[in-house]
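Some notes on the structure that comes next.
Within every chain, numbering begins at 1; the chains are lettered A, B, ... in the order of the sequence lines, protein sequences first and strands thereafter.
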Protein chains: 2
Amino acid sequence: MGKGEETRQAILDEALALASKIGISGLSVGSLAERTGMSKSGLFAHFGSKEEMQIAVIRESQERFADVVVRPALKEPRGLPRLRAMFGNWLGWTQKIKLPGGCLLISAASEFDDQPGPVRDAVAAGQKVWRDTLAHAVGMAVEAGELRPDTDIDQFVFEMVGIVLVCQQNRRLFHDKGSDKRAFEAFDRLVRDRAATGGKRKKE
Amino acid sequence: MGKGEETRQAILDEALALASKIGISGLSVGSLAERTGMSKSGLFAHFGSKEEMQIAVIRESQERFADVVVRPALKEPRGLPRLRAMFGNWLGWTQKIKLPGGCLLISAASEFDDQPGPVRDAVAAGQKVWRDTLAHAVGMAVEAGELRPDTDIDQFVFEMVGIVLVCQQNRRLFHDKGSDKRAFEAFDRLVRDRAATGGKRKKE
DNA sequence: TACTTTTTAGCACGAACGTTCGTTTTTGTC
DNA sequence: GACAAAAACGAACGTTCGTGCTAAAAAGTA
């Protein structure tokens with residue numbers, strides 16, 4: 001299918017950029033139409049409702065997230081290298097896809113966490129999938145003997161997410177260039193704290 | 001001087017509650033007027049502009065934050081006890097003042113981090129003051145010999161903030177009751193990692 | 001080229017937005 | 001109780017919001 005999908009993509013391009021600055025709920029059909037040079041109704045027809053438009057933005061973000069964060073990391077060897085790649089890719093993914101603002105999946109989470117509905121559901125579902133992916137990666141580091149067997153995997157992921165959240169806040173609110181360095185430092189401490197003593201152990 | 005301030009306070013009460021659910025930028029003069037049973041213009045006159053209204057909400061939040069988080073913690077003895085009190089009070093402060101949603105200072109930070117203007121400035125300034133307060137508290141724990149002298153204080157605060165952020169996200173997005181427990185666990189690990197050897201010890 | 005389907009524009013709608021203004025009600029002071 | 005000041009109201013402003021329609025234009029297909 002040619003043209004339709006093409007302009008829809010162009011709309012989403014612009015929508016992602018705008019939403020990364022002013023938030024998902026700040027998106028409006030009018031402003032988006034103006035930016036893309038379309039008519040309000042023409043643009044609107046691609047989604048059917050504002051809510052569907054917001055969900056489309058979320059979905060698109062999640063797809064790009066999978067493209068630039070998850071998939072590249074899966075090419076790394078299992079265990080700590082892959083986990084670290086996930087962490088690093090996550091920290092920098094919005095810059096990689098050239099969003100002018102911050103991570104709109106994070107801000108969407110805080111925008112909609114108290115507003116029940118399909119948008120919130122989409123955000124929460126995505127977050128859960130990602131956390132599960134992280135948990136799985138941590139689990140493999142445990143199996144590989146890189147992390148201690150008694151490692152609380154969910155706790156590990158919990159703290160990992162926290163580091164990314166504060167890094168994002170630091171970067172965007174204070175324009176602190178050292179945020180990433182601090183984040184990696186925190187991550188390393190997180191790993192070191194659970195690092196298996198002695199040699200590596202392979203589960204057979 | 002009496003009546004005006006009184007209703008202004010009533011407006012802010014309602015505004016805080018509403019904003020904790022839908023965010024600061026979601027506040028509208030109309031909806032707020034309806035909730036307080038006032039006319040739009042009557043309510044509007046108390047602030048002069050929507051932006052001033054938003055700032056007033058931020059300020060009010062910051063004052064309450066100081067009341068229920070900072071001041072009570074200052075009554076604790078310097079060092080780790082006080083630091084821990086700050087952390088604990090922070091985690092639960094929105095429940096204490098009975099906000100229906102989450103911490104609107106946190107969500108305001110992510111709402112406005114890419115939108116220059118006085119609102120953003122107010123949020124950022126408040127965050128900075130709070131982080132400085134935390135840093136000072138950490139510094140006293142170092143001076144007291146509870147944390148190692150080579151402790152990177154800003155890094156400590158950085159990670160501390162991260163824990164609170166992820167706790168908030170966990171609680172509100174996933175309704176995870178165990179968030180606070182995880183947060184305290186992370187905090188304890190943070191402290192233990194820097195704990196001075198031979199100093200006070202927390203029972204495990 | 002002709003025809004069908006998809007995509008876009010134009011226009012209008014009711015509602016809500018932030019804001020201004022003049023008027024009315026309430027409040028505090030003598 | 002009189003009177004000035006403060007507070008609240010009601011109506012209206014021009015805009016923008018999301019969302020319907022219908023017609024025109026473009027794209028895809030034969």
Gap separating the CG atom of A/Leu80 from the CG atom of A/Leu147, nearest 0.5 angstrom: 5.0 Å
Any residue of [range] with a heavy atom less than 4.0 Å from an atom of DNA chain D:
range: residues 112-120 of chain A; result: none
range: residues 43-54 of chain B; result: B/His46
range: residues 20-34 of chain B; result: none
range: residues 8-18 of chain A; result: none

Any idea which heavy atoms bring [X] and [Y] closest together, and the distance?
X: A/Ile11; Y: A/Thr36; answer: CA-CG2, 4.1 Å
X: B/Ala108; Y: B/Val123; answer: CB-CG2, 4.0 Å
X: B/Thr7; Y: B/His46; answer: OG1-CE1, 3.2 Å

Starting at atom [atom1] of [X], determine the distance to atom [atom2] of [N], rounded to an integer number of angstrom.
X: B/Glu5; N: C/dT27; atom1: CD; atom2: P; value: 16 Å
X: A/Glu6; N: D/dA26; atom1: CD; atom2: P; value: 15 Å
X: B/Met38; N: D/dC9; atom1: CE; atom2: P; value: 5 Å
X: B/Lys3; N: D/dA7; atom1: NZ; atom2: P; value: 9 Å

All pairs passing salt bridge (charged side-chain N to carboxylate O under 4.0 Å, His left out) where residues 29-57 of chain B contributes a residue, at least two apart: B/Glu14-B/Arg35
Heavy-atom side-chain proximity of B/Met53 to B/Leu43 below 4.5 angstrom: yes
Side-chain heavy-atom pair B/Phe156, B/Leu83 within 4.5 angstrom cut-off: yes
Dot-bracket line, read 5' to 3' along DNA chain D, where crossing pairs take [ ] and | marks a partner on another strand, Watson-Crick or G-U under 3.5 Å: |||.|||||||||||||||||||||||||.
Answer yes or no: is there an ion pair linking [X] with [Y], defined by an N-O contact shorter than 4.0 Å?
X: B/Arg172; Y: A/Asp114; answer: yes
X: A/Asp152; Y: B/Arg182; answer: yes
X: A/Arg194; Y: A/Asp150; answer: no
X: A/Asp180; Y: A/Arg171; answer: yes

All pairs passing ring pair (Phe, Tyr, Trp, His ring centres under 6.0 Å) where residues 164-191 of chain B contributes a residue, at least two apart: B/Phe87-B/Phe184, B/Phe87-B/Phe187
In residues 55-69 of chain B, what donor-acceptor pairs under 3.5 Å come from side-chain atoms, sequence neighbours left out?
unit_1, atom_1, unit_2, atom_2, d
B/Glu60, OE1, B/Gln9, NE2, 3.3
B/Glu60, OE2, B/Gln9, NE2, 2.8
B/Glu60, OE2, B/Arg64, NE, 3.0
B/Glu60, OE2, B/Arg64, NH2, 3.3
B/Ser61, OG, B/Val57, O, 2.9
B/Gln62, NE2, B/Ala122, O, 3.1
B/Arg64, NH2, B/Asp13, OD1, 2.4
B/Asp67, OD1, B/Arg71, NH1, 2.2

A/Met140: side-chain contact (heavy atoms from CB on, under 4.5 Å) partners, not counting sequence neighbours: A/Arg78, A/Arg82, A/His136
B/Thr133: partners by side-chain contact (heavy atoms from CB on, under 4.5 Å), with sequence neighbours left out: B/Val70, B/Met86, B/Val129, B/Trp130
Derivation of the side-chain contact (heavy atoms from CB on, under 4.5 Å) call for A/Leu18 and A/Ser31: CA-CA 9 Å; A/Leu18 186 54; A/Ser31 63; 3.9 Å; yes
Short side-chain to backbone donor-acceptor contact, A/Glu111 and A/Ile24, under 3.5 Å: yes
Side-chain N or O of A/Thr7 closer than 4.0 Å to phosphate OP1/OP2 of C/dT8: yes
Solution key, residues 158-169 of chain B side-chain donor-acceptor pairs under 3.5 Å, sequence neighbours excluded:
unit_1, atom_1, unit_2, atom_2, d
B/Glu159, OE1, A/Arg189, NE, 3.1
B/Glu159, OE1, A/Arg189, NH2, 2.5
B/Glu159, OE2, A/Arg189, NE, 3.4
B/Glu159, OE2, B/Gln155, NE2, 2.9
B/Gln168, OE1, B/Cys103, N, 3.4
B/Gln169, OE1, A/Arg131, NH2, 2.9

N/O-N/O pairs, protein side and nucleotides 11-14 of chain D side, under 3.5 Å:
none

